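Some notes on the structure that comes next.
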Amino acid sequence: MYHMALPLIVLTFGSLASIMRYTRSSMLEVIRQDYIRTARAKGLREKVVIYKHALRNAMIPIVTIFGMSLPGLFSGAMITEQLFNWPGIGPISLIAVNNRDFMLLMGINMFLAVLTLLGNLIADVSYALVDPRIRLK
Amino acid sequence: METNTEKKVNIKGAKQEDIMSPWKVVWKRLKRDKLAMIGLYTLIILVAVAVIGPFFSYAMEATDIENINAAPSMQHILGTDEVGRDVFARLMYGGRISLSVGIVSVAIEVLIGTILGGIAGYYGGVVDNIIMRLVDILMCFPFLPLLLMLSAVMSARHVDPKYRIYVVMFIIGIIGWGGLCRLIRGQILSLKEQEFMQAAEALGLKDRRKIFRHLLPNTFASIIVSATLSVGGAILTESSLSYLGLGVTPPTPSWGNMIQCAQDIYTLTFQPWRWIPPGVCIFLTVMAINLLGDGLRDALDPKLKR
């Protein structure tokens with residue numbers, strides 16, 4: 001755990017900014033809607049208004065980004081893992097490239113492809129979870 | 001007093017004051033946003049310097065053999081590189097390429113991503129499935145081998161380095177639209193179930209009008225955020241493509257391949273004038289576009305009242 005701290009910070013900060021901006025812009029869109037005013041008028045606490053009424057409706061772009069970042073967490077960590085000497089999938093694929101180990105490379109690509117599909121599937125399912133009006137058949 | 005006079009003026013000059021075209025309103029709102037204006041001016045300055053600057057400076061290939069790797073001085077404002085080329089001149093030439101790569105490729109990305117995302121989200125069913133599987137393929141595809149192959153083909157066909165940059169813009173645009181497409185589609189899935197779409201349905205509007213007039217403007221916030229974020233990404237992607245020999249090849253500068261020289265530990269430590277300026281330029285560009293995009297988002301929002 002102790003050794004995880006630094007690479008974790010690097011990887012987190014990388015995607016933090018963009019997720020924050022997406023959240024901000026879609027929150028701004030939602031926060032002026034009538035139902036937020038209704039929720040405030042009902043006398044709900046600000047915390048409930050923000051997290052339960054507003055954030056939930058602003059979640060859709062964020063869910064998409066999360067789904068897409070799932071494979072990025074593995075492939076994008078290549079340089080970070082190399083720098084911090086973390087024996088993960090990054091250094092392994094780098095060694096495979098250098099040694100022309102095509103089988104391993106194909107395996108890793110396959111793994112990433114599956115992760116991409118999985119991430120997109122999770123995002124699709126979460127749409128319906130976040131916004132019950134969406135009907136995916 | 002204030003309100004009274006204002007009212008009078010309004011009644012008198014009603015024609016000029018009350019009826020403003022939507023773009024004028026947007027511009028008026030944008031002008032009030034200080035940060036956005038800073039972004040706009042920074043961008044204008046960067047573009048102007050990149051376009052006009054080279055006429056008044058050293059040629060990008062001119063070498064000054066007496067001053068190789070020279071530190072910034074009066075003669076060379078930002079010093080020279082390893083063969084004595086003026087860094088400032090190269091910075092301006094590079095700006096032409098990097099700025100156009102960033103903007104054109106993002107424009108392609110946004111165009112394809114928005115249209116396909118809108119169509120996929122609106123129609124759903126089979127159309128949605130086809131487009132989304134296309135996006136899945138695009139996102140799963142390992143691009144490094146593809147790019148290496150393309151670069152080999154272009155070398156074998158003796159494509160003029162001048163035209164390579166257009167290929168690069170095109171490729172970056174084609175690679176990048178998947179994410180935006182999914183983003184738009186997700187939002188439209190939610191938007192199309194809302195009341196105003198029922199109203200649009202009841203009015204008997206055409207599908208095209210419903211998608212482009214009623215649905216897509218509501219996803220504008222995400223489009224702008226995604227586009228502004230990917231301008232910087234495109235500039236950096238160009239640099240890694242240049243590194244593979246696909247993009248701009250070394251005698252021609254771009255901000256990306258100027259930064260590549262920082263990989264050398266000696267340059268990194270002892271010659272900061274060679275890699276800090278292009279870095280700062282990329283930083284400024286991305287920052288300016290982000291600020292402008294944020295302001296534009298607020299200005300284009302019709303629900304916002306100030």
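Values reported hereafter were calculated over all heavy atoms of this structure, with side chains retained and with hydrogens, waters and symmetry mates removed. Nothing here was measured: the structure is a model prediction, and the numbers come from that model.
Both the backbone and the side chain of Asn120(A) have a heavy atom closer than 4.5 Å to some heavy atom of chain B. Contacts between Thr219(B) and chain A at a heavy-atom distance below 4.5 Å are absent for every atom of the residue. Only the side chain of Leu229(B) comes within contact range of chain A, judged by heavy atoms closer than 4.5 Å.
Between Leu104(A) and Ala96(A) the shortest heavy-atom distance is CD2-CB, 3.8 Å. The two residues Gly178(B) and Leu138(B) come nearest to each other via the heavy atoms N-CD2, 4.1 Å. Of all heavy-atom pairs spanning Ser25(A) and Val225(B), the tightest one is OG-CG2, 3.6 Å. Nearest heavy atoms, Gly67(A) versus Ala123(A): CA-CB, 4.3 Å.
Thr228(B) places no side-chain N or O within 3.5 Å of a backbone atom of Gly293(B) that could act as its donor or acceptor partner.
Most heavy-atom pairs under 4.5 Å with chain A: of the set Ser190(B), Gly124(B), Gly179(B), this distinction falls to Ser190(B). For chain A, the option among Gln187(B), Gln194(B), Arg182(B), Glu193(B) with the highest count of heavy-atom pairs below 4.5 Å is Arg182(B).
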Intermediate values then yes/no, salt bridge (charged side-chain N to carboxylate O under 4.0 Å, His left out), Asp124(A) and Arg185(B): CA-CA 10 Å; Asp124(A) 271 355; Arg185(B) 171 204 172 240; 2.8 Å; yes
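Donor-acceptor pairing under 3.5 Å is recorded for the side chains of Tyr122(B) and Lys210(B). In the model, Thr64(A) has no side-chain atom that pairs as donor or acceptor with a side-chain atom of Tyr22(A) under 3.5 Å.
Contacts from residues 34-62 of chain A to chain B, taken as heavy-atom pairs separated by less than 4.5 Å, involve Ile60(A), Pro61(A) in sequence order.
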